[in-house]
Colleague: 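Here you go, one structure.
Because only heavy atoms are used, hydrogens play no part in the values below, and waters and symmetry mates are left out as well, while side chains stay in.
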Amino acid sequence: MKGWLMAVAIVTLGIAGPLVAAAPTGEAPEVPVITEPSFLVCTGAEAGGGFTSHVAVASAEAGGVTATAIGTGSSETVAINSAGGADIDVDRLAELGVTPLLMELPTDQAGAATVTRSGTADATSSCAGAPGESQVLAGASSQSGEDLTLIVANPFAPEARVQVAASGELGEEVVAELEEVVVPPSTAISLPVGRILPARESLSIRIDPLAGRVAAALRQVAATDAAVWEGRTGSQEWFIPLPVIDGAGASIALAAAAPIGFEYTVEPAGQAGQGEMLTEGSVAAGGQAIIPASALGASTKGVVISATEPVVADLMLSGPDARAVTPGASRSALRWLVPGAGPDEATSVRLWVLTVDDQLANITVTPLAPGYAPRAYQPDPRGLTMLQVAEGPSQGVIVDGDAEIVVVWTSQRGASVALATATPLEE
């Protein structure tokens, strides 16, 4: 297994705005390098049972991409041309149920996206690595009518053991069923945390490794929509764009990556360090903070969160018929890979580009396939630029800024909303 691959699980959702319509050309775009290991785990992928997933893979170099179903060992290898891509149906690798995939790519200049759909509900989740550090999944709920499941995948040969702790309105909770969870080699398990910890209005889940390494995702299913999102390790700084979606308000969930308290500040993106404070607070050990975007002011389009300890900040979109969650970005960058961001007849896709450096003057969007030319755009002076992907390949796009930016993307099908943070690229 060489290098390291990256994947994103994507829910389809619809949105409108300025077009990112790609004009055909004869040359394929040049793709920058992703400085990550060359494997990722698509923990939230599913086969059958009302949910179906496929993985959209994009690569800047020709070579084989191998997807292996964790648990069954079934695998599929597909060939990818330079700056091209391929789709892998999870149904071809498993018959039923949650089926995380271990993805291997031939190059570091690659990415992928898992698209999951069930009836009227879509869900997205960035595939991630399997760190040996604590991971946090914030922004969950186990209220009546919602099914909340924690998926833990061990793609490696050694056995893994983890402790699962929850933070919510009752403080930190560690129950017997979650105190020491064994994940056998090359196996994924599903834990019904909604039944173990019912009727919690808000929950943040922390996974502490006791032995081995795992990847984790939460799946929350309600009557009209579903959300799937991955665990992330802690950082003391997070960048959060605040998309504006009809019928779905934005909020931010903050939780520590250890059983300790922390203090935090929230500043407007593009003006961080200039003295303008939107809000600040402190969180006791085992607690969490929920920050509604409406409390930050109508003119706030994105924020930078600083904390005194490593935390995870997840962005939530929620409404009567919509639910989506994604981790924020722990850093800004000049270039972002957005795998899987291609619309279809029933789905509209939007890019949300947050200005982090107020010197930003140009944004360029390049579809990841031969025959499509880059398009240049001027950033919205209010700090968040919305670009609708009008056409292009499902492999996704690259977004470049001439100064530091952060990119998230949404998709919408009917009332269902999906949300994912793009992947920062190294030059």
Colleague: Got a sec, which residues hit side-chain hydrogen bond (donor to acceptor under 3.5 Å, both in side chains) with Ser167, two or more places apart in sequence or on another chain?
Modeller: none
Colleague: Rounded to the nearest 0.5 Å, what's the gap from OG1 on Thr120 to CZ on Arg117? Could you check?
Modeller: 10.5 Å
Colleague: Applying the side-chain contact (heavy atoms from CB on, under 4.5 Å) test to Glu404, which of Asp357, Leu354, Thr355 qualifies?
Modeller: Asp357
Colleague: Here's a test for you: under side-chain contact (heavy atoms from CB on, under 4.5 Å), which of Thr68, Val152, Val41 qualifies with Pro100?
Modeller: Val41
Colleague: Which heavy-atom pair separates Met103 from Ala67 by the least distance, and what is that distance?
Modeller: SD-CB, 3.5 Å
Colleague: At what distance, to the nearest 0.5 angstrom, does SG of Cys42 lie from CD of Glu230?
Modeller: 10.0 Å
Colleague: About how many Å separate CD1 of Ile290 and CD of Glu169, when rounded to the nearest 0.5 Å?
Modeller: 9.5 Å
Colleague: Going by heavy atoms in the side chains, are Leu148 and Leu218 under 4.5 Å from each other?
Modeller: yes
Colleague: If we ignore angles and hydrogens, is there a donor and acceptor under 3.5 Å between the side chains of Arg335 and Thr364?
Modeller: no
Colleague: Would you list the atom pairs, donor with acceptor, under 3.5 Å between side chains in residues 318-325 and any protein atom, with sequence neighbours excluded?
Modeller:
unit_1 : atom_1 : unit_2 : atom_2 : d
Arg323 : NH2    : Gly139 : O      : 2.3

Colleague: Working to the nearest 0.5 Å, report the span between CZ of Arg413 and CG of Asp225.
Modeller: 9.0 Å
Colleague: Quick one: does any side-chain atom of Trp336 pair with a main-chain N or O of Ile405 as donor and acceptor, under 3.5 Å?
Modeller: yes
Colleague: Should Leu254 and Val283 count as side-chain neighbours, where that means a heavy-atom distance under 4.5 Å?
Modeller: no
Colleague: Which residue pairs satisfy the salt bridge (charged side-chain N to carboxylate O under 4.0 Å, His left out) criterion with at least one member in residues 196-208, sequence neighbours excluded?
Modeller: Glu172-Arg206, Glu173-Arg200, Arg206-Asp208
Colleague: Does the side chain of Leu351 reach to within under 4.5 Å of the side chain of Val397, using non-hydrogen atoms?
Modeller: yes
Colleague: What residues, two or more places apart in sequence or in another chain, satisfy salt bridge (charged side-chain N to carboxylate O under 4.0 Å, His left out) together with Asp147?
Modeller: Arg219
Colleague: Can you confirm whether Ser53 sits close enough to Val115 that some side-chain heavy atom of one is under 4.5 Å from a side-chain heavy atom of the other?
Modeller: no
Colleague: Are side-chain heavy atoms of Glu46 and Val90 found at a separation under 4.5 Å?
Modeller: no
Colleague: Just how far is it from atom CE of Met316 to atom OG1 of Thr326, taken to the nearest 0.5 Å?
Modeller: 12.0 Å
Colleague: Can you check whether Arg232 reaches Ser330 side chain to side chain, under 4.5 Å on heavy atoms?
Modeller: no
Colleague: How close do Gly129 and Ala215 get, counting heavy atoms only, and between which atoms?
Modeller: O-CB, 3.6 Å
Colleague: Measure from the side-chain N and O atoms of Thr300 to the backbone N and O of Ala298, and report whether any donor-acceptor pair falls under 3.5 Å.
Modeller: no
Colleague: Looking at side-chain heavy atoms only, is the closest gap between Val303 and Leu278 below 4.5 Å?
Modeller: yes
Colleague: So, for Glu263 and Ser282, which heavy atoms are closest and what is the spacing to 0.1 Å?
Modeller: CG-CB, 3.9 Å
Colleague: Check each of Thr421, Leu419, Ile245 against Trp352 using the side-chain contact (heavy atoms from CB on, under 4.5 Å) test, and report the only one that passes.
Modeller: Ile245
Colleague: The test is side-chain hydrogen bond (donor to acceptor under 3.5 Å, both in side chains); show your working for Ser204 and Gln288 and say whether it passes.
Modeller: CA-CA 7 Å; Ser204 294; Gln288 62 175 353; 2.5 Å; yes
Colleague: With Asp89, which residues qualify under salt bridge (charged side-chain N to carboxylate O under 4.0 Å, His left out), at least two apart?
Modeller: Arg92
Colleague: Going through the checks in order, is the side chain to side chain contact (heavy atoms under 4.5 Å, CB included) test met by Leu150 and Ile207?
Modeller: CA-CA 10 Å; Leu150 175 65; Ile207 300 172; 4.0 Å; yes
Colleague: Within this structure, what is the OG1-CD1 distance for the pair Thr77 and Ile88, rounded to the nearest 0.5 Å?
Modeller: 8.0 Å
Colleague: Within the 4.5 Å heavy-atom criterion, are Val311 and Val136 side-chain neighbours or not?
Modeller: no
Colleague: What pairs with Asp380 under salt bridge (charged side-chain N to carboxylate O under 4.0 Å, His left out), at least two apart in sequence or on another chain?
Modeller: Arg382
Colleague: On a heavy-atom basis, which atom in Leu203 and which in Ser142 lie closest, and how many Å separate them?
Modeller: CD1-OG, 3.8 Å
Colleague: In sequence, state the C-alpha distance, the side-chain angles, and the governing distance for Ile70 and Thr99, and then conclude on side chain to side chain contact (heavy atoms under 4.5 Å, CB included).
Modeller: CA-CA 7 Å; Ile70 297 172; Thr99 308; over 6 Å; no
Colleague: Walk me through it: do Val389 and Val338 pass the test side chain to side chain contact (heavy atoms under 4.5 Å, CB included)?
Modeller: CA-CA 11 Å; Val389 181; Val338 194; over 6 Å; no
Colleague: Using only atom types and a distance under 3.5 Å, with no angle test, would you say the side chain of Gln236 pairs donor to acceptor with the backbone of Pro310?
Modeller: no
